[in-house]
Amino acid sequence: MPPATPELISPRSPRVSAARRLAKRNFRGKERLFLAEGPQAVREAAGHRAQGAATLVELFATLEAAERYADMVGAARDAGARVHLAAEQVIADISTTVTPQGLVGVCRFLDTPFEEVLAARPRLVALLANVRDPGNAGTVLRCADAAGAEAVVLTDASVDVYNPKAVRASVGSLFHLPVAVGVPVEQAVEGLRAAGVRVLAADGAGDRDLDDELDKGTMGGPTAWVFGNEAWGLPEETRALTDAVVRVPIHGKAESLNLATAAAVCLYASARAQRASGGCRSVTGN
């Protein structure tokens, strides 16, 4: 049972100050630690290990959250994490959300070297080239996870995947599949192609239509989708690196699709084509 009063009551506590600094990218990079907020992220972090070490190293919880999520607090302790019972104001001070849910975890970086991604011979990969919005990056990661992708790669010009908004938007998927970061786009494309992966650029101005590619049966092999910047898409030099530039057809009057929606359509199109011989598992089924 938790004690009647919180252990940490001051936002000026050294432990609280250290955690709060992780909202800033330079401190995350220096410490190789990031924040995971809310029960879903904390649950995934508590069960995750990378390079033989537990990912969750510290957990801050209000008394109410510790009681409501007692199993999660127990899992954090079992993973070797230090658990701090904290006042609500302390959690609010650490959290980057408007309405904190009472749980904030401190996690080790868990990115995978790009060479390991290639060595695993992935069949479906999302490559984020110059994606700057953390919410979009996290949502694409979630889509890739849902579609059964084996990896997500972020180029050196893309947003920090450990940005709190990106972590929240991934809804736990950050802990589910390998994520390689800081890879130059040329190196990423060349490496994937050398590993036998067809590299497709997703672009609204593409000269190939996704529906046509599916009808031709060209989508069943190992595929990496390259997704570009939210505002200006993929530059010509990046499109030129890929095997084909494919557009998602617009059948109605919408001007375009946003990045995350287009990514979901492309990734699921590949997933369906790759599973065609054995049937496609419904996204709503058990």
Side-chain angles (χ1 to χ4, degrees), residues 1-50 53-111 133-139 141-142 145-146 159-177 179:
M1 292 292 293
T5 57
E7 167 192 345
L8 295 175
I9 59 175
S10 172
R12 292 188 293 275
S13 161
R15 296 306 322 149
V16 175
S17 297
R20 185 172 57 244
R21 285 197 296 268
L22 298 177
K24 297 181 179 180
R25 183 171 188 169
N26 59 330
F27 283 103
R28 290 195 297 270
K30 180 180 178 181
E31 302 295 333
R32 288 193 60 79
L33 296 170
F34 70 99
L35 298 176
E37 300 183 39
Q40 176 66 19
V42 169
R43 180 183 294 108
E44 300 292 347
H48 187 271
R49 297 181 69 85
T55 296
L56 183 66
V57 297
E58 202 163 12
L59 176 64
F60 297 85
T62 63
L63 293 174
E64 180 184 0
E67 292 174 349
R68 179 180 301 176
Y69 305 109
D71 58 336
M72 211 173 299
V73 173
R77 288 196 172 105
D78 290 344
R82 299 186 298 274
V83 176
H84 305 291
L85 296 171
E88 290 185 6
Q89 182 54 48
V90 168
I91 296 296
D93 197 60
I94 298 172
S95 175
T96 61
T97 63
V98 176
T99 55
Q101 294 178 275
L103 294 172
V104 181
V106 175
C107 304
R108 292 187 176 93
F109 277 15
L110 45 75
D111 44 275
D133 181 82
N136 276 334
T139 303
L141 202 159
R142 182 184 183 187
D145 179 23
V159 70
D160 178 17
V161 74
Y162 300 114
N163 179 293
K165 187 175 180 181
V167 177
R168 287 197 303 275
S170 80
V171 196
S173 288
L174 176 62
F175 302 97
H176 292 170
L177 74 171
V179 178

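The figures here come from the full heavy-atom set of this structure, side chains too, leaving out hydrogens, waters and symmetry mates.
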Requested in this report: Can you see which heavy atom on Leu35 is nearest to which on Ala23, and at what distance?
Outcome: CD1-N, 4.3 Å
Query raised in the report: Quick one: does Thr62's side chain have a donor or acceptor within less than 3.5 Å of a partner on Ala65's backbone?
Result: yes
Requested in this report: Taking the side chain as every heavy atom from C-beta outward, state whether Leu33 and Tyr162 have any pair of such atoms under 4.5 Å apart.
Outcome: no
Query raised in the report: Taking only residues two or more places apart in sequence or in another chain, which ones pass side-chain contact (heavy atoms from CB on, under 4.5 Å) with Glu37?
Result: Ser95, Thr96, Thr97, Val104, Pro164, Arg168
Requested in this report: For residues Val42 and Val73, determine if any side-chain heavy atom of one lies less than 4.5 Å from a side-chain heavy atom of the other.
Outcome: no
Query raised in the report: Heavy atoms, side chains only, cut-off 4.5 Å: are Leu56 and Val106 in contact?
Result: no
Report task. Say whether, by atom type as modelled, one donor and one acceptor occur between the side chain of Arg108 and the main chain of Ala54 under 3.5 angstrom. Result -> yes
Report summary line: Taking every heavy atom of Val83 against every heavy atom of Ala76, the minimum-distance pair comes out as CG2-CB, 4.2 Å
Query raised in the report: Under a 4.5 Å cut-off applied to non-hydrogen side-chain atoms, are Ile91 and Gln101 in contact?
Result: no
Report summary line: Ala86 and Val90 have their tightest heavy-atom pair at CB-CG1, 3.7 Å
Query raised in the report: Quick one: are Val179 and Leu174 in side-chain contact, heavy atoms under 4.5 Å?
Result: yes
**Report entry** Phe175: ring-ring contact (aromatic ring centres under 6.0 Å, His included) partners, not counting sequence neighbours
**Finding:** His48
Report summary line: What one should report as the nearest heavy-atom pair of Val159 and Ala137 is CG1-CB, 3.5 Å
**Report entry** Glu44 side chain reached by Val171 side chain, heavy atoms, under 4.5 Å
**Finding:** no
Query raised in the report: Salt-bridged, Arg32 to Asp111, with N to O below 4.0 Å?
Result: yes
Query raised in the report: Looking at residues at least two apart in the chain, or sitting in another chain, which of them share a salt bridge (Lys or Arg N to Asp or Glu O under 4.0 Å) with Arg82?
Result: Glu58
Requested in this report: Please say whether more than 12 non-hydrogen atoms of neighbouring residues, nucleotides or ligands are located less than 6.0 Å from CZ in Arg20.
Outcome: yes
Query raised in the report: With a 4.5 Å limit on heavy-atom distance, are the side chains of Phe34 and Val161 in contact?
Result: no
